[in-house]
**Q** 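Okay, here's the structure, questions in a sec.
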Amino acid sequence: MSGHNSDNSAVPNLTPLLDVVLQLLMFFMMCVNFVAGQASAAVILPAAETARPLPKPDAASVLFLNIDSGGSLIQPDGTVLTTMGQVRFYLNQEFTDANRVEKGKGAKILIVIRADEGTDYGKIYDIMTTCKQIGFQKIQLRARQKAK
Amino acid sequence: MFFRKKRNDDGLQVELPITPMLDMAFQLLTFFILTYHPTELEGQVAAGLPSSDGRNVGNQVGIDDLPKEDPKSAIIVEVRTQHADEAGSIVFPITVKHDNDTKDVDSMKELQRHLIQKHKQVPDNPVRIVGDNKLKWACMMQVVDVCQDAGFQKVGFGRQE
């Protein structure tokens, strides 16, 4: 495709432009992470050298617990649960719902704790203890990966 | 605008419309650029749930995947903070207890050295980190980091009474 023809009319060369656009498009499509929607932006994770890369997410059996610096639990829809009573009710509901779908599924749910680095340990411990009392068995902590 | 693709032997000109494709590509590109939020790389740290009653009971580690008949006693790492200030940072010494052996360490480096030694002696034993209520989560994760870096993969939590 040339830039000039016999009528002296200019025809822009679109091929390189299209190449760049499609490459950019592919980059952004590969980088987009829809699961990250369950992660609250209000939470600043602590750094850990031993944090390992995440496995392929299985959204159906994972429950994200975003805990802000004040120790409140942020639900995926943005609702903030401030008291332990509310947190217990929410966790109980999730556990019961999972068991209703499939018997024993509640215990298989992986609790992912995304707690802010400034949260008091006591509040996180209370939430972990509540999870255990309700019947959840698997837990995973999230941290920012830090180079050694 | 039409893109001249090819002229075959019969003189028939085949034209490929590029404009709608380019429009769509730009729209998609705009969408992905606007919704792109680069975040720091997130990693997982494996840990166990605390005991269901929430109490610090002897050597109970609070890790569910430990077999019930496992006779191995946990290594207890006691981490304290200063309640007087709001910083919630670690106050040394950190106490490491295992069976009848108790040792106070005055820095994270020393804790790491001690835990590496322990791991050589008892590589399969779990570690239970017992922290103060006011200890900040970032400080607790530092201790978790040191435990896992020393080689202990089974890490559980407890709370100072």
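Order of the sequence lines sets the chain letters (A, B, ...), proteins ahead of strands, with each chain counted from 1. The figures that follow rest on heavy atoms only: side chains count, while hydrogens, waters and symmetry mates do not.
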**Q** Counting only non-hydrogen atoms closer than 4.5 Å, does A:Leu24 touch chain B with its backbone (N, CA, C, O), its side chain (CB onward), both, or neither?
**A** both
**Q** Taking everything shown except B:Phe92 itself, do over 12 heavy atoms lie less than 6.0 Å from its CZ?
**A** yes
**Q** Between A:Tyr121 and B:Gly158, what is the shortest heavy-atom contact and its length?
**A** OH-O, 2.5 Å
**Q** Give the intermediate values and the outcome of side chain to side chain contact (heavy atoms under 4.5 Å, CB included) for residues A:Leu25 and B:Phe32.
**A** CA-CA 7 Å; A:Leu25 190 57; B:Phe32 283 112; 3.9 Å; yes
**Q** Would you say A:Asp77 has more than 12 foreign heavy atoms packed within less than 6.0 Å of its CG?
**A** yes
**Q** Does B:Phe31 belong to the same Ile/Leu/Val/Met/Phe/Trp/Tyr cluster as A:Val20, with side-chain heavy atoms less than 4.5 Å apart forming each link?
**A** yes
**Q** Quick one: do B:Phe26 and B:Ile18 end up in the same hydrophobic cluster if we chain Ile, Leu, Val, Met, Phe, Trp and Tyr together by side-chain heavy atoms under 4.5 Å apart?
**A** yes
**Q** Below 4.5 Å from any heavy atom of chain B, which atoms of A:Leu17 appear? Answer side chain, backbone, both or neither.
**A** side chain
**Q** Closest heavy-atom contact between A:Val21 and B:Ala25?
**A** CG1-CB, 3.7 Å
**Q** Which heavy atom in B:Lys136 sits nearest to a heavy atom in A:Glu117, and how many Å separate them?
**A** CB-O, 3.9 Å
**Q** Where is the tightest heavy-atom contact between B:Ala138 and A:Pro46, given as atom of each residue plus distance?
**A** CA-CB, 3.8 Å
**Q** Is the count of non-hydrogen atoms from other residues, nucleotides or ligands lying under 6.0 Å from B:Met21 atom CE greater than 12?
**A** no
**Q** Run the side chain to side chain contact (heavy atoms under 4.5 Å, CB included) test on A:Ile124 and B:Met140 for me, step by step, so that the C-alpha distance in whole Å, both residues' side-chain angles and the decisive distance to 0.1 Å come before the verdict.
**A** CA-CA 11 Å; A:Ile124 297 168; B:Met140 183 51 105; over 6 Å; no
**Q** Applying side chain to side chain contact (heavy atoms under 4.5 Å, CB included), run through B:Met141 and A:Leu45 and close with a yes or a no.
**A** CA-CA 10 Å; B:Met141 283 304 287; A:Leu45 294 176; over 6 Å; no
**Q** So do A:Asp120 and B:Asn133 actually touch side chain to side chain, heavy atoms under 4.5 Å?
**A** no
**Q** Find out if a path of hydrophobic residues (ILVMFWY) with successive side-chain heavy-atom gaps under 4.5 Å connects A:Leu18 to A:Met29.
**A** yes
**Q** Count I, L, V, M, F, W, Y as connected when their side-chain heavy atoms are under 4.5 Å apart, and connections chain through other members. Are B:Val91 and B:Val146 then in the same cluster?
**A** no
**Q** Between A:Leu22 and B:Ile33, is there a shared hydrophobic cluster once you connect ILVMFWY residues whose side-chain heavy atoms come closer than 4.5 Å?
**A** yes
**Q** Considering only heavy atoms from C-beta outward, does the side chain of A:Phe28 approach that of B:Leu29 to under 4.5 Å?
**A** yes
**Q** Step by step, work out the side chain to side chain contact (heavy atoms under 4.5 Å, CB included) result for A:Ile139 and B:Phe157.
**A** CA-CA 12 Å; A:Ile139 189 174; B:Phe157 295 99; 6.0 Å; no
